[in-house]
Amino acid sequence: MSWVYIEELKDHIGEDVEIRGWLYNKRSSGKIHFLQLRDGTGFVQGVLEKSKVDEKIFEDAKRLKLESSIIVYGKVREDSRAPSGVEIDISDFKIVQIPVDDYPIGKKEHGIDFLMEHRHLWLRSKKQFHILHVRHEIIKAIREFYDSRRFVLIDTPIFTGAIGESAGNLFQVDYFDYGKAYLTQTGQLYLEAACMAFGRVYNFGPTFRAEKSKTRRHLTEFWMNEAEVAYYEHEDNMKLQEDLVSYVVQKTLERAEKHLMALERDTSKLEKVEPPFPRISYDEAIKLLQKKGFDIKWGDDIGGDEETAISDEFNKPVMVYNYPRHIKAFYMQPDPQRPEVVLCDDMLAPEGYGEIIGASQRIHDYNLLIERIKENNLPLEAYDWYLDLRKYGSVPHSGFGMGLERVVAWICGLKHIREAIPFARTLYRIHP
RNA sequence: UCCGGCCUAGCUCAACCGGUAGAGCAUCCGGCUGUUAACCGGAGGGUUGGGGGUUCGAGUCCCUCGGCCGGAGCCA
């Protein structure tokens, strides 16, 4: 008898197989047990009939508790009554372990605090199984997209000196004799260095923000994909973003359809995500918001509710571009026609999922960059190597950062970002 | 940091104006040959988050501490 994974059972109909997994639910009557099995690749029901097996086997099944680890032997049978299309007629099974306590996660609903406290076990539940499979496909698609366009992966450091956009939300750690180091909040500056060496580059890794943000869209540790391309200007950059997001959504729809169905995601909304995406300027966005009754004027930043109001106007991600200079980061390139705005864009996901990408063309002029660093009261010394990039063969270049968990939450249709990552780190939770 | 809210059985929740703390699930025992969060009968299970106060009497009102949830600002 050969060991087979549940996802492969359809190719083994009529065969005797072995399944190594766990009991995630059990129903029984006096003469029949229904054992719900999972093995990490899927879920399947095993049927154990009293009349067809030894009395001892049938009696042993009564001892099984939820999340017992068991190896099951039986014949695969096609069954229209089963959601997966197949069932196993169990002939025998071997208990690997009976849980020493009752499994804490029950069949009825639980509160979020309880579930987050049991995240290490909650991962076994069906919804989490589907979400994290979708996440896996999304990550794969992101990497494929860059590979197909011959981008070079440049892993940027996680420990950094005091360099980044703003110092207020950095996590500090002790770093030997050097004193303080910080956990990265963006790899952008390093990617800017790399794009001058490799042309087209991207990174993908964890990012840390010590923001005291307590909302459904924030984590203190999240995964970000950033890209940076030499000789790319604003328009090239926006095109790249919509190509990336479309590719990721379409590939995920193709490969994770059953998971999205299981999550009851309305996939018709995702099917529409293809280039070109609607674009509106910051000026137009302000006018739109004023028309909708928001108390907002030119120069104000656009908050969460306002983002939702804008994205509600469209059935695809929308790119809001060219924000006022004073509400954006120091390194963004001013619009040559209108120096009060910068060449940047935020991509807002539909259905109120908020900002998934922040992007800009970067300043490539040495003197202008120095001016901006001073204007923002940032220490020039900290940017010595970054300024070097403008001294030696500087060219226009552009890039962006995409928040993975927000993309996962959007594609899966989750209410909260904390289920989009295996072990969420939030303001008040670092356990388990 | 600021503004709201919640904390009652292992879990999810109920308990009117302050008057003997209750249900479903889970657990244990029994029943059931096709169950899909299976169902049916029975049983056990509580210092109502900690501390203090008001009251004849507090799950309920007040103070305080703690934990958590939602949101704002900021961001991906």
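Below, read A as the first sequence line, B as the second, and so on, with proteins coming before strands; counting in each chain starts at 1. Computed over heavy atoms, backbone and side chain alike; hydrogens, waters and symmetry mates excluded.
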Are the charged groups of Lys56(A) and Asp92(A) less than 4.0 angstrom apart, N to O?
no
Between P on rA76(B) and OH on Tyr323(A), what's the gap in Å once rounded to a whole number?
11 Å
Protein-nucleotide distance (Gln185(A), atom CD; rC75(B), atom P), rounded to Å
11 Å
Row check, Phe43(A) ring normal vs Lys126(A) NZ/CZ: under 6.0 Å, within 45°:
yes
Rounding to the closest angstrom, what is the interatomic distance between rC40(B) and rU47(B) at atom P?
29 Å
In short, salt bridge (charged side-chain N to carboxylate O under 4.0 Å, His left out) pairs touching residues 322-335 of chain A with sequence neighbours left out are Arg325(A)-Glu375(A), Lys328(A)-Asp346(A)
Val245(A) and side-chain contact (heavy atoms from CB on, under 4.5 Å): which single residue from Met347(A), Met319(A), Glu274(A) fits?
Met347(A)
Does this structure show an ion pair linking Asp283(A) with Arg338(A), if we count only N-O contacts that are shorter than 4.0 Å?
yes
Lys/Arg N to Asp/Glu carboxylate O, Lys140(A) vs Glu137(A), below 4.0 Å:
yes
Among Phe400(A), Tyr190(A), Tyr146(A), ring-ring contact (aromatic ring centres under 6.0 Å, His included) partner for Tyr202(A)
Tyr146(A)
Rounded to whole angstrom units, what separation is found between the CD atom of Gln188(A) and the P atom of rC75(B)?
14 Å
Should Glu271(A) and Arg265(A) count as an ion pair when the cut-off is N to O under 4.0 Å?
no
Base, sugar-phosphate alone, or nothing: which one does His33(A) contact when heavy atoms must sit under 4.0 Å apart?
nothing
Determine whether more than 12 heavy atoms belonging to other residues, nucleotides or ligands lie under 6.0 Å from atom NZ of Lys287(A).
no
Can you check nucleotides 67-71 of chain B for protein contacts, nitrogen or oxygen pairs under 3.5 Å, and list what you find?
unit_1, atom_1, unit_2, atom_2, d
rC68(B), OP1, Tyr428(A), O, 3.1
rG70(B), OP1, Arg418(A), NH1, 2.9
rG70(B), OP1, Arg418(A), NH2, 2.6
rG70(B), OP2, Arg418(A), NH1, 3.4
rG71(B), OP1, Arg216(A), NE, 2.3
rG71(B), OP1, Arg216(A), NH2, 2.3
rG71(B), OP2, Arg216(A), N, 3.1
rG71(B), N7, Lys214(A), O, 3.1

In whole Å, what is the span from the CZ atom of Phe294(A) to the C1' atom of rA72(B)?
14 Å
Suppose you measure atom C1' in rC65(B) against the same atom in rG24(B); what distance do you get, rounded to whole Å?
34 Å
Length of the CG-C1' vector between Asp346(A) and rC74(B), whole Å:
13 Å
Same-atom distance (P) from rC68(B) to rU12(B), integer angstrom:
15 Å
Report which part of the nucleic acid Ile105(A) touches: base, sugar-phosphate, or nothing (heavy-atom distance under 4.0 Å, all strands).
nothing
For nucleotides 5-11 of chain B, give me every protein contact, N/O to N/O, under 3.5 Å, one pair per line with atom names.
unit_1, atom_1, unit_2, atom_2, d
rC11(B), O2', His110(A), ND1, 2.4

Verdict with supporting geometry, Glu192(A) and His397(A), side chain to side chain donor-acceptor pair (under 3.5 Å)
CA-CA 8 Å; Glu192(A) 286 187 59; His397(A) 59 290; 2.7 Å; yes
Starting at OH of Tyr24(A) and ending at C1' of rU35(B), how long is that distance when rounded to a whole Å?
12 Å
Would you write the dot-bracket representation of RNA chain B, where each base gets (, ), [, ], | or . depending on whether it forms a Watson-Crick or G-U pair under 3.5 Å and with which partner?
(((((((..((((.....[..)))).(((((.......))))).....(((((..]....))))))))))))....
Charged N-O contact under 4.0 Å between Glu284(A) and Arg279(A):
no
Looking only at side chains, do Glu226(A) and Gln188(A) share a donor and an acceptor under 3.5 Å apart?
no
rG10(B) versus rC17(B) - spacing of their P atoms, nearest Å
28 Å
Nearest-angstrom distance, C1' atom, rC74(B) to rC2(B):
13 Å
Answer with base, sugar-phosphate or nothing: what part of the nucleic acid does Glu307(A) contact at a heavy-atom distance below 4.0 Å?
base
Please determine if Lys239(A) and Asp236(A) form a salt bridge, counting it only when a charged side-chain N lies under 4.0 Å from a carboxylate O.
no
Can you tell me, in whole Å, how much space there is between the C1' of rA14(B) and that of rU33(B)?
38 Å
Atom pair CG/CG of Leu115(A) and Leu123(A) - distance to nearest 0.5 Å
11.0 Å
Does a sphere of radius 6.0 Å around CD in Glu144(A) hold more than 12 heavy atoms from other residues, nucleotides or ligands, not counting ones at 6.0 Å or beyond?
yes
Could you work out the separation of rA9(B) and rU60(B) based on their P atoms and round it to a whole Å?
14 Å
Salt bridge Arg429(A)-Glu117(A), side-chain N to carboxylate O under 4.0 Å
yes
Which residues in residues 117-130 of chain A have at least one heavy atom lying under 4.0 Å from any atom of RNA chain B?
none
Electrostatic pair Arg124(A):Glu67(A) at N-O distance under 4.0 angstrom
yes
Please write out each protein N/O paired with an N/O of nucleotides 27-34 of chain B under 3.5 Å, distance rounded to 0.1 Å.
unit_1, atom_1, unit_2, atom_2, d
rG34(B), N1, Arg81(A), NH2, 3.3
rG34(B), N1, Glu87(A), OE1, 3.1
rG34(B), N2, Glu87(A), OE1, 3.0
rG34(B), N2, Glu87(A), OE2, 2.5

Whole-Å C1' distance, rU27(B) and rG45(B):
9 Å
Integer-rounded Å distance: rC25(B) P and Arg27(A) CZ
15 Å
Send over the distance from Leu170(A) CG to rA76(B) P, rounded to a whole Å.
13 Å
Per the O4'-C1'-N9-C4 / O4'-C1'-N1-C2 angle with a 90° window around 0, rC17(B) comes out syn
Test: Lys65(A) and Asp102(A) ion pair at under 4.0 Å:
yes
